[in-house]
Novice: 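Below you will find the structure I want to go over with you.
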Amino acid sequence: MQMPQGNPLLLSYTLQELLARDTVQVELIPEKKGLFLKHVEYEVSSQRFKSSVYRRYNDFVVFQEMLLHKFPYRMVPALPPKRMLGADREFIEARRRALKRFINLVARHPPFSEDVILKLFLSFSGPDVQNKLKESAQGVGDEFLNCKLAPRAKDFLPADIQTQFAMSRELIRNIYNSFYKLRDRAERIASRAIDNAADLLIFGKELSALGSDTTPLPSWATLNSSTWGSLKQALKGLSVEFALLADKAAQQGKKEENDVVEKLNLFLDLLQSYKDLCERHEKGVLHKHQRALHKYSLMKRQMMSAAVQNREPESVEQLESRIVEQENAIQTMELRNYFSLYCLHQETQLIHVYLPLTSHILGAFVNSQIQGHKEMSKVWNDLKPKLSCLFVGPHGALTPPCSPPEDGLCPH
């Protein structure tokens, strides 16, 4: 961990430094048909290791399990769910995006990025990567056993660490709830742009179909006027501009999906991993510590009862030995509890390092809107002169389009 001189609890990272650690791409490769099921594989490419390897979903599962085994007190992101049957393209694409977010969060996390298990996952191209990952974690122990500072973690923690932990947890819960709503709205905005593209395309095709209609007109309906012929000729050529408008709208929707929605999802994944870590702390090491204390108090009572009842020396010695073992277990649990809080404190700092990602997201959203409206405005302006032949005067003469009054109807 990169730490300033003094208290090793404090981190000194910027968002740019974390993002620069690595960029990992996860792309689908052509499906390989197994005997019964199709297997989805991914090409995982790391800029840092200059590597490209093939991985399956189960490889990610084993990798995450090893991370949780080695780093139980750190933010290990969740994986997307596995879907055995009926996995459609939409599901497979959503899972690919989620796996990409997962591996990038891991590759940029300070302790994970320096561990051999990450290098193995991103660069090992031999057979059976799952066994290789498991072998690398065997007999190594978790971060508590390998960190020199673990026995002294309590010395670096502030006196009000429990209060600070509760406040941080509440703050990050509120941030998560707000970003969850922002992500939902951003998804709707991007979806509307893509729907708008489909509508514009259909609109243009219908105008073209109208202009290409070959149904003959009866003479009594035309009254020697060429109005319908002129209109048809003009309508026929408009589909090109509407197709271009549809393309611009679709590009804007895709850009917002990639630059805005995905960044919001990345931050939400990080916040969720923090929430999961808090639960692991409370249900794991803290709960075990409380159970150990409870068991110790029961043993002490048994010891006092044995002394009062003058039991045999052997049974008393066995009880004393068990009490000593329990005292050692409690001491280990206390050290683990403080180390867990030490890690939580650092993980909270990492969350705050990621908070400026908000400005990246807003910048991407604003730029997408500006660029999208600018490009579509140009197409609309190019389209306007081509409408001149649609406006026909009272004697068949063509008149230019006018600015509509408030009711939206042109007097011509």
Side-chain angles (χ1 to χ4, degrees), residues 15 19 23 25-28 40 77-83 86-105 170-207 241-276 351 354-381 383 408:
L15 177 60
L19 296 179
T23 297
Q25 300 296 334
V26 178
E27 301 296 340
L28 282 168
V40 178
L79 285 172
K82 182 174 184 177
R83 190 165 163 183
D88 54 21
R89 287 185 179 180
E90 188 176 341
F91 171 82
I92 291 171
E93 172 59 15
R95 190 169 69 175
R96 183 198 66 80
R97 287 173 179 261
L99 291 173
K100 182 181 175 181
R101 296 194 301 269
F102 165 83
I103 194 62
N104 276 285
L105 285 173
E170 180 64 23
L171 172 64
I172 288 168
R173 185 187 293 118
N174 293 339
I175 291 173
Y176 177 89
N177 291 337
S178 292
F179 269 84
Y180 189 89
K181 292 173 184 174
L182 286 171
R183 191 276 314 274
D184 281 357
R185 295 297 126 181
E187 278 185 337
R188 287 165 63 102
I189 291 168
S191 179
R192 279 200 297 271
I194 292 169
D195 289 344
N196 186 34
D199 290 340
L200 284 166
L201 191 62
I202 293 170
F203 194 93
K205 284 181 177 178
E206 288 304 319
L207 287 177
E241 279 74 18
F242 276 94
L244 188 56
L245 284 167
D247 184 55
K248 297 294 182 188
Q251 285 179 24
Q252 183 177 346
K254 290 294 181 185
K255 189 173 179 60
E256 284 168 1
E257 277 185 349
N258 294 327
D259 295 347
V260 180
V261 176
E262 271 306 291
K263 283 190 174 74
L264 285 167
N265 278 325
L266 179 82
F267 193 47
L268 280 172
D269 289 351
L270 181 71
L271 294 172
Q272 183 61 53
S273 69
Y274 182 86
K275 291 169 67 181
D276 294 343
I351 291 285
Y354 267 97
L355 277 174
L357 193 65
T358 310
S359 62
H360 291 224
I361 295 166
L362 288 173
F365 179 58
V366 171
N367 289 337
S368 171
Q369 291 292 320
I370 291 171
Q371 186 68 21
H373 286 293
K374 184 179 177 182
E375 290 181 1
M376 290 193 72
S377 177
K378 183 180 183 305
V379 180
W380 284 118
N381 283 320
L383 175 62

Novice: With the side chain counted from C-beta on, respond yes when Leu271 and Tyr180 share a heavy-atom pair under 4.5 Å apart, and no when they do not.
Specialist: no
Novice: Got more than 12 heavy atoms from elsewhere within 6.0 Å of CD, Glu170?
Specialist: yes
Novice: I need the minimum non-hydrogen distance between Gly253 and Ile194, along with the two atoms involved.
Specialist: CA-CG1, 4.0 Å
Novice: What's the spacing between Arg183 CZ and Tyr176 OH if we round to 0.5 Å?
Specialist: 7.0 Å
Novice: Are the side chains of Phe365 and Ile189 in contact, using a 4.5 Å heavy-atom criterion?
Specialist: yes
Novice: Check whether any side-chain N or O of Ser178 sits under 3.5 Å from a backbone N or O of Ile175 as a donor-acceptor pair, and report yes or no.
Specialist: no
Novice: May I ask you to decide if the ring planes of Phe242 and Phe203 are parallel, tilted or perpendicular, using 30° and 60° as cut-offs?
Specialist: tilted
Novice: If the threshold is 4.0 Å, N to carboxylate O, is there a salt bridge linking Lys378 and Glu375?
Specialist: no
Novice: Grab the two heavy atoms, one from Ala364 and one from Asp259, that are nearest each other, plus how far apart they are.
Specialist: CB-O, 3.7 Å
Novice: Working to the nearest 0.5 angstrom, can you tell me the gap between Asn367 CG and Glu256 CD?
Specialist: 11.0 Å
Novice: Please find the pair of heavy atoms, one from Pro80 and one from Arg95, that lie closest to each other, and give the distance.
Specialist: CG-CG, 3.5 Å
Novice: With respect to Glu257, which candidate in Glu187, Arg97, Gln252 satisfies the side-chain contact (heavy atoms from CB on, under 4.5 Å) definition?
Specialist: Arg97
Novice: Between atom CZ of Arg188 and atom CG of Asp184, what is the distance when rounded to the nearest 0.5 Å?
Specialist: 8.5 Å
Novice: Check whether any side-chain heavy atom of Gln272 sits under 4.5 Å from a side-chain heavy atom of Asp276, and report yes or no.
Specialist: yes
Novice: Atom CD of Glu262 and atom CD1 of Ile361: how far apart are they, to the nearest 0.5 Å?
Specialist: 11.0 Å
Novice: Begin from the C-alpha positions of Phe102 and Asp269 and carry the test side chain to side chain contact (heavy atoms under 4.5 Å, CB included) through to its verdict.
Specialist: CA-CA 8 Å; Phe102 165 83; Asp269 289 351; over 6 Å; no
Novice: For residues Arg101 and Leu266, report the shortest heavy-atom separation together with the two atoms involved.
Specialist: CD-N, 3.5 Å
Novice: Hey, is CZ on Arg173 packed in by over 12 heavy atoms from elsewhere, all under 6.0 Å?
Specialist: yes
Novice: Minimum heavy-atom separation for Met376 and Leu200, please, with both atom names.
Specialist: CE-CD1, 3.8 Å
Novice: What are the two closest heavy atoms between Leu19 and Thr23, and how far apart are they?
Specialist: O-OG1, 4.2 Å
Novice: Rounded to the nearest 0.5 Å, what separates atom CG in Leu182 from atom CG in Leu264?
Specialist: 6.5 Å
Novice: Checking Asp247 side chain against Ala243 main chain: does a donor-acceptor pair fall under 3.5 Å?
Specialist: no
Novice: Rounded to the nearest 0.5 Å, what separates atom CG in Leu357 from atom CG in Leu270?
Specialist: 9.0 Å
